[in-house]
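A short worksheet on the structure shown next.
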Amino acid sequence: MAETSARLLALLSLLQARRDWPGALLASRLEVSPRTVRRDVDRLRDLGYPVRAIKGPDGGYRLDAGAELPPLLFDDDQAIAVAVALQTATTTVTGIEEGALRALATVRQVMPARLRQRVDALQVTTVDRYAHRRTTVDSDQLIAIGTAVRAREVLRFDYAAPGVPEGEWAPPRKVEPHHLVTWGGRWYLVGWDLDRRDWRTFRVDRMTPKTPTGPRFTPRELPAPDVATFISSRFRGQDKNPCRGEAILQAKASDIAQWAGYGAMVEELSPTSCRLALTGWSWTGLAATFGMFECELEFVGPQELKDAAIQLAARYREASS
């Protein structure tokens with residue numbers, strides 16, 4: 001019985017690892033006969049796993065989605081990733097707090113002791129540098145928008161645009177939804193506005209989706225290589241700081257990006273160097289911001305930034321003496 005149970009777990013793990021499995025390949029991996037594989041597949045079906053037989057010259061099996069969620073099988077890294085994700089799941093989405101806590105308790109309960117100790121050591125407290133501007137969105141609202149994105153259906157919604165008095169009527173927006181993204185602590189929808197005939201971004205916390213959704217559409221191509229480039233280019237123009245400068249830093253781009261702050265642009269030049277673009281209210285303040293990174297740097301420009309760095313260096317030298 002123990003051997004059969006172990007083989008069933010191995011079979012389930014293989015079925016979860018890829019979409020389709022030829023029967024002969026499964027038998028080879030498990031070192032059993034194709035007949036034993038068929039019997040084990042029937043046992044998984046009895047346990048609630050929707051394993052579908054695939055017709056064809058070789059035949060095979062596929063683990064489909066079912067009406068109910070059967071027990072899942074995670075490896076060590078997956079289990080820890082799920083536990084950490086559940087601890088931080090409520091940062092920007094409301095309405096899932098209780099579900100996230102119950103899911104975390106369920107995952108922790110079935111973990112072996114070695115993993116439970118590692119998860120208990122990862123008690124995450126989220127300290128958010130965007131806390132002053134972070135907004136939360138309702139999980140049902142987020143799912144409704146995400147469903148329209150996936151189904152490629154026109155989305156109708158009321159939108160509380162900034163500057164519009166509360167209660168003032170405005171016609172619903174009609175948008176071909178393309179991407180849900182997060183930027184600077186907020187959720188945004190990227191879509192093609194059918195009335196304005198242009199690409200627009202909408203804050204999800206200001207949207208109230210309407211049902212039913214509209215007709216299906218053929219996705220358009222973004223006017224950018226990818227959605228990340230599109231979003232960053234759109235929001236870059238919203239920075240009101242009058243001073244903008246660039247420098248080359250002798251540090252990893254990934255290390256600089258996590259401390260550069262909102263609105264910064266980090267470009268990797270090599271594994272140990274990057275180009276950093278920042279904005280500030282004054283050239284002196286901007287030069288001081290570049291100086292907070294503990295690495296060698298070279299100012300690219302403009303000249304006002306270089307002059308401010310010279311003045312700041314003289315001021316620090318005098319202050320330290």
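Nearest approach of Leu276 to Phe290, heavy atoms of both residues: O-CE2, 3.6 Å. Leu155 and Pro209 make their closest contact through CD1-CB, 4.4 Å (heavy atoms, listed as atom of the first residue, atom of the second, distance). Ser282 and Gly285 get closest at one heavy-atom pair: OG-N, 3.0 Å. Nearest heavy-atom pair across Leu286 and Gly245 is CD2-N, 3.5 Å. Residues Pro172 and Asp195 come closest through the heavy atom pair O-OD2, 4.4 Å. The shortest heavy-atom contact between Ala287 and Phe299 is O-CZ, 4.4 Å.
Note: Trp199 CH2 to Glu221 CD = 9.0 Å, rounded to the nearest 0.5 Å. Once rounded to the nearest 0.5 Å, the distance linking CG of Leu249 with CG of Leu269 reads 9.5 Å. Ile54 CD1 to Asp20 CG: the interatomic distance, rounded to the nearest 0.5 Å, is 3.5 Å. The structure places CG of Leu305 at 10.0 Å from OG1 of Thr289, a figure rounded to the nearest 0.5 Å. The CD atom of Glu153 sits 9.0 Å away from the OG1 atom of Thr147 when rounded to the nearest 0.5 Å.
Within a 6.0 Å sphere centred on CZ of Arg152, other residues, nucleotides and ligands contribute 12 heavy atoms or fewer.
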Please step through side-chain contact (heavy atoms from CB on, under 4.5 Å) for the pair Arg173 and Arg200, ending with a clear verdict. CA-CA 11 Å; Arg173 308 294 287 267; Arg200 298 296 170 92; 4.2 Å; yes
For side-chain contact (heavy atoms from CB on, under 4.5 Å), just list the numbers for Val175 and Leu194, CA-CA rounded to whole Å, side-chain angles, deciding distance to a tenth of an Å, and then say yes or no. CA-CA 6 Å; Val175 171; Leu194 292 170; over 6 Å; no
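With Arg62 contributing its side chain and Trp21 its backbone, the two residues share no donor-acceptor pair below 3.5 Å. With hydrogens and angles ignored, the 3.5 Å screen pairs a side-chain donor or acceptor of Arg156 with a backbone N or O of Pro212. Proximity of a side-chain donor or acceptor of Arg52 to a complementary backbone N or O of Tyr61 within less than 3.5 Å is not detected. Side chain of Gln141 to backbone of Val204: a donor-acceptor contact under 3.5 angstrom is found. Formation of a donor-acceptor pair under 3.5 Å by the Tyr159 side chain with backbone atoms of Arg203 is found in this model.
Cluster annotation: Ile248 and Leu297 are assigned to distinct hydrophobic clusters (Ile/Leu/Val/Met/Phe/Trp/Tyr, side-chain heavy-atom contacts under 4.5 Å, transitive).
Side-chain atoms of Val300 and Arg275, non-hydrogen and from C-beta on, do get closer than 4.5 Å to each other. The shortest side-chain heavy-atom distance between Arg244 and Leu278 does not fall under the 4.5 Å cut-off. Using a 4.5 Å heavy-atom cutoff, the side chains of Leu11 and Val41 are in contact. Using a 4.5 Å cut-off on side-chain heavy atoms (C-beta onward), Cys243 and Thr279 make no contact. Inter-residue side-chain proximity for Leu189 and His179 is flagged as unmet; no heavy-atom pair is nearer than 4.5 Å. Contact of the Arg197 side chain with the Asp193 side chain is not registered, since no non-hydrogen atoms from C-beta on lie closer than 4.5 Å. Contact check for Val227 versus Val181: side-chain heavy atoms found under the 4.5 Å cut-off. Side-chain atoms of Gln250 and Glu298, non-hydrogen and from C-beta on, never get closer than 4.5 Å to each other.
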Using atom types as modelled, flag every donor-acceptor pair under 3.5 Å from a side chain in residues 25-32 to any protein atom, sequence neighbours excluded.
none

Sequence neighbours left out, cut at 3.5 Å: what donor-acceptor pairs do the side chains of residues 306-315 make with other protein atoms?
unit_1: Asp307; atom_1: OD1; unit_2: Gln303; atom_2: NE2; d: 2.9

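Results of the ring-ring contact (aromatic ring centres under 6.0 Å, His included) test with Phe202 over Tyr188, Phe157, Trp187, Trp192 single out Phe157 as the only residue that passes.
The pair Arg39-Asp42 does not count as a salt bridge, with every side-chain nitrogen at least 4.0 angstrom from each carboxylate oxygen.
Note: Phe217 and His178 have tilted aromatic rings, judged against thresholds of 30 and 60 degrees for the angle between ring planes.
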